[in-house]
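Here's the structure we're looking at; comments come further down.
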Amino acid sequence: MSATSETGEHKALRSAVAALGKRHGRGYDREALWAEAAKLGYLGVNLPEEYGGGGGGVSELSIVLEELGAAGCPLLMMIVSPAICGTVIARFGTESQKRAWLPGLADGTRTMAFGITEPDAGSNSHRITTTARRDPGTGDWLLTGRKVFISGVDIADATLIVGRTEDARTGTLKPCLFIVPRDAEGFTRRAIDMELSAVEKQFELTLDDVRLPADALVGDEDAGLLQLFAGLNPERIMTAAFAIGMGRHALARAVEYARDRQVWKTPIGAHQAIAHPLAQAHIDLELARLMMQKAAYLYDAGDDAGAGEAANMAKYAAGEACVRAVDQSVHTLGGNGLTREFGLASLITASRVARIAPVSREMILNYVSHQTLGLPKSY
């Protein structure tokens, strides 16, 4: 695949996943869809073949999530479990960690959540206060801290927690990732009461001297930021796929309605006040997908720096396109757009997620200002 065109294999994958999504549809059972997607090899399509995966990359995984979203049945945990956690473990995990986790992440029998956001750190990952210290007597790690807005912890077997350890040479804190089992002593969760209507719940986590074995640390203690960014770029690409799928789903509902709905002598879709904004929404979604494909291509090719820039741009473009597509779709249906029957009203809230998470659009604009344009920082 090039950065801008899909292979025959990718087109066939799109078609197959679209058919799966259509069978499950808007009233989908998350566990049933997750199990079937796993059985068909879609969940682990990006993971190495030697550990039960499909041997593909984020390019293929983003196709799966986009098409499920377009069918009205997105699997949010795909962003977290195979894309972030699976990628980090596949790239940096020990052999025993790979054997323990990757086959289960690939076949859907195991799920992993990802914990980075903290109540007081916001978008400033340098302010993460979850710390890990060694027990000199046993070599175990002891983790203490809090996380917030962590998806799907209740259905995950473990959570990949971003903590900080003290550098022995400098005394400064550096990021490290730890696998924390769901039932670890001192690891508690509280569901956050969200206005958002989603199958997966959001949680606040508390780690109170959670004792972990030495091998709970993923990869090299000194790899730090490299390991973290290895997971964050796929997260942005997959969030773009999530947003594009949602936008396409809303737009398809609106186009169908505009084609059939007749108030005067012609269907309302014949009027340019209806047709043009829908056409513009389609263009915006297509442009966002091009940038997502570029980001996925660069990431799969091993260009982490290039992928970082493109992944941020793709996530920004997809979030904006999704919000506009949903808004215009609801408006096209008028009062019907706010009914439960058509299923668009709940997307008004859901579409905002792509603007806010995993990083706000303002922080992406900061990234592009500094990294791409070379402008000075204000912070």
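Computed from a predicted model, the values in this text were never measured in an experiment. Worth knowing before you read on, the calculation uses all heavy atoms, side chains too, and leaves out hydrogens, waters and symmetry mates.
- Under a 3.5 Å cut-off, the side chain of S329 and the backbone N or O of A325 do form a donor-acceptor pair.
- Interatomic distance, M77 CE to I84 CD1, rounded to the nearest 0.5 Å: 9.0 Å.
- Between E204 and R189, none of the side-chain N atoms (NZ, or NE/NH1/NH2) sits under 4.0 Å from a carboxylate O, so this pair counts as no salt bridge.
- With hydrogens and angles disregarded, no donor-acceptor distance shorter than 3.5 Å links the side chain of E320 to the backbone of R361.
- When every heavy atom of H249 is checked against every heavy atom of G69, the shortest pair comes out as CB-O, 3.4 Å.
- A distance of 6.5 Å separates OG1 of T372 from OH of Y367, quoted to the nearest 0.5 Å.
- Considering only heavy atoms from C-beta on, I192 stays 4.5 Å or farther from K201 through its side chain.
- No side-chain heavy atom of L232 sits under 4.5 Å from any side-chain heavy atom of P358.
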>> Show, in sequence, the C-alpha distance, side-chain angles and deciding distance for I128 and I116, and conclude whether the side-chain contact (heavy atoms from CB on, under 4.5 Å) test is met.
In response: CA-CA 8 Å; I128 286 175; I116 181 171; 3.9 Å; yes

> Given R190 and F203, is the side-chain contact (heavy atoms from CB on, under 4.5 Å) satisfied, shown in steps?
Replying inline: CA-CA 5 Å; R190 180 186 68 81; F203 292 91; 5.9 Å; no

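- Defined by atom type and a distance below 3.5 Å, a donor-acceptor pair is missing between the side-chain atoms of T111 and D157.
- Between A345 and L338, the shortest heavy-atom distance links the atoms CB-CA, 3.8 Å.
- Figure legend: R134 and W141 shown as a cation-pi pair, the cationic atom lying under 6.0 angstrom from the six-membered ring centre and within 45 degrees of its axis.
- Annotation: the span from L43 atom CG to E36 atom CD amounts to 11.0 Å, rounded to 0.5 Å.
- Taking all atoms of both residues into account, the shortest heavy-atom contact from I150 to F114 is CG2-O, 3.3 Å.
- Here the side chain of T332 pairs a donor or acceptor atom with the backbone of Q328 at under 3.5 angstrom.
- Here the CH2 atom belonging to W101 is positioned 8.5 Å from the OG atom belonging to S81, to the nearest 0.5 angstrom.
- Counted within 6.0 Å of CD on E95, heavy atoms from surrounding residues, nucleotides or ligands total more than 12; the atom is thus considered enclosed.
- Contact check for I244 versus C322: no side-chain heavy atoms found under the 4.5 Å cut-off.
- Residues A158 and P181 share a closest heavy-atom pair of CB-CA, 3.9 Å.
- At most 12 non-hydrogen atoms from other residues, nucleotides or ligands lie less than 6.0 angstrom from CD of Q280.
- The 12-atom threshold is not exceeded at NE2 of H282, counting heavy atoms of other residues, nucleotides or ligands nearer than 6.0 Å.
- By the rule that hydrophobic residues join a cluster once side-chain heavy atoms approach within less than 4.5 Å of another member, I356 and L76 end up as members of separate clusters.
- Between K315 and E235, none of the side-chain N atoms (NZ, or NE/NH1/NH2) sits under 4.0 Å from a carboxylate O, so this pair counts as no salt bridge.
- Between E66 and R289 there is a salt bridge, since at least one side-chain N of the basic residue sits less than 4.0 Å from a carboxylate O of the acidic one.
- Side-chain contact of D304 with Y299: a donor-acceptor pair under 3.5 Å is absent, judged by distance alone.
- Remark: the backbone N or O of L375 is not paired with any side-chain donor or acceptor of S369 at under 3.5 angstrom.
- Side-chain contact between T159 and F178: absent, with no pair of heavy atoms (C-beta onward) separated by less than 4.5 Å.
- A 4.5 Å side-chain heavy-atom check between L105 and L47 finds at least one atom pair inside the cut-off.
- Each of V45, I237, N233 was compared with V58 under the side chain to side chain contact (heavy atoms under 4.5 Å, CB included) criterion, and only I237 meets it.
- Distance alone, capped at 3.5 Å, is enough to place a donor-acceptor pair between the E60 side chain and the G57 backbone.
- Following chains of ILVMFWY side-chain contacts shorter than 4.5 Å, one can reach V64 starting from L33, so the two form part of one hydrophobic cluster.
- Judged by distance alone, the side chain of R14 and the main-chain N or O of I63 form no donor-acceptor pair under 3.5 Å.
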>> L344 vs V326, test: side-chain contact (heavy atoms from CB on, under 4.5 Å). Steps then yes/no.
In response: CA-CA 7 Å; L344 291 178; V326 168; over 6 Å; no

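- For the atom pair CG of L75 and CG of L68, the computed distance is 5.5 Å after rounding to the nearest 0.5 Å.
- Side chain of R110 to main chain of A100: a donor-acceptor pair is present (N/O by atom type, distance under 3.5 Å, no hydrogens or angles).
- Under the 3.5 Å distance criterion, the side-chain polar atoms of Q97 are matched with a main-chain donor or acceptor of D215.
- With 3.5 Å as the limit, one finds a donor-acceptor pair spanning the side chains of D107 and T109.
- Residue L347 holds its CG atom at 9.5 Å from CZ of R253, rounded to the nearest 0.5 Å.
- M78 and V153 fall into different hydrophobic clusters, where Ile, Leu, Val, Met, Phe, Trp and Tyr are joined by side-chain heavy atoms under 4.5 Å apart, directly or via other members.
- In this structure, a donor-acceptor pair under 3.5 Å is absent between the side chains of T349 and E195.
- Look at E185 and R211 and you find no salt bridge, because none of the NZ, NE, NH1 or NH2 atoms lies under 4.0 Å from a carboxylate O.
- Counting heavy atoms from C-beta on, the side chains of L205 and F149 never come closer than 4.5 Å.
- Ion pairing between D140 and R133 fails under the 4.0 Å rule for side-chain N and carboxylate O.
- Side chains of D208 and T188 form no contact here, defined as non-hydrogen atoms less than 4.5 Å apart.
- Heavy atoms of other residues, nucleotides or ligands lying less than 6.0 angstrom from CD of Q262 number more than 12.
- Checked by atom type and distance alone, the side chain of H370 pairs as donor or acceptor with a backbone atom of N366 at under 3.5 Å.
- Residues Y257 and F342 place their aromatic rings such that the two centres sit under 6.0 Å apart.
- The 12-atom threshold is exceeded at CD of E362, counting heavy atoms of other residues, nucleotides or ligands nearer than 6.0 Å.
- The two residues L285 and G247 have their closest heavy-atom pair at CD1-C, 3.6 Å.
- By the neighbour-count criterion of 12 heavy atoms within 6.0 Å, atom CG of D260 is densely surrounded, having more than that number from other residues, nucleotides or ligands.
- Residues T87 and N46 are in side-chain contact: their nearest non-hydrogen atoms beyond the backbone lie under 4.5 Å apart.
- In the hydrophobic clustering of this structure, L207 groups with L212; members are Ile, Leu, Val, Met, Phe, Trp, Tyr whose side-chain heavy atoms approach within less than 4.5 Å, directly or through other members.
- If you check the side chains of E6 and Q293, you find a donor sitting under 3.5 Å from an acceptor.
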>> If you apply the rule side-chain contact (heavy atoms from CB on, under 4.5 Å), what do you find for Y42 with L13, and how did you get there?
In response: CA-CA 9 Å; Y42 300 149; L13 177 63; 3.7 Å; yes

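- Connection of V80 to V162 is established within a shared hydrophobic cluster, with ILVMFWY side chains joined at heavy-atom distances below 4.5 Å, either directly or through further cluster members.
- The two atoms that bring G25 and C73 nearest to each other are O-CB, 3.4 Å, heavy atoms only.
- One N or O on the side chain of E118 and one on the backbone of T129 form a donor-acceptor pair closer than 3.5 Å.
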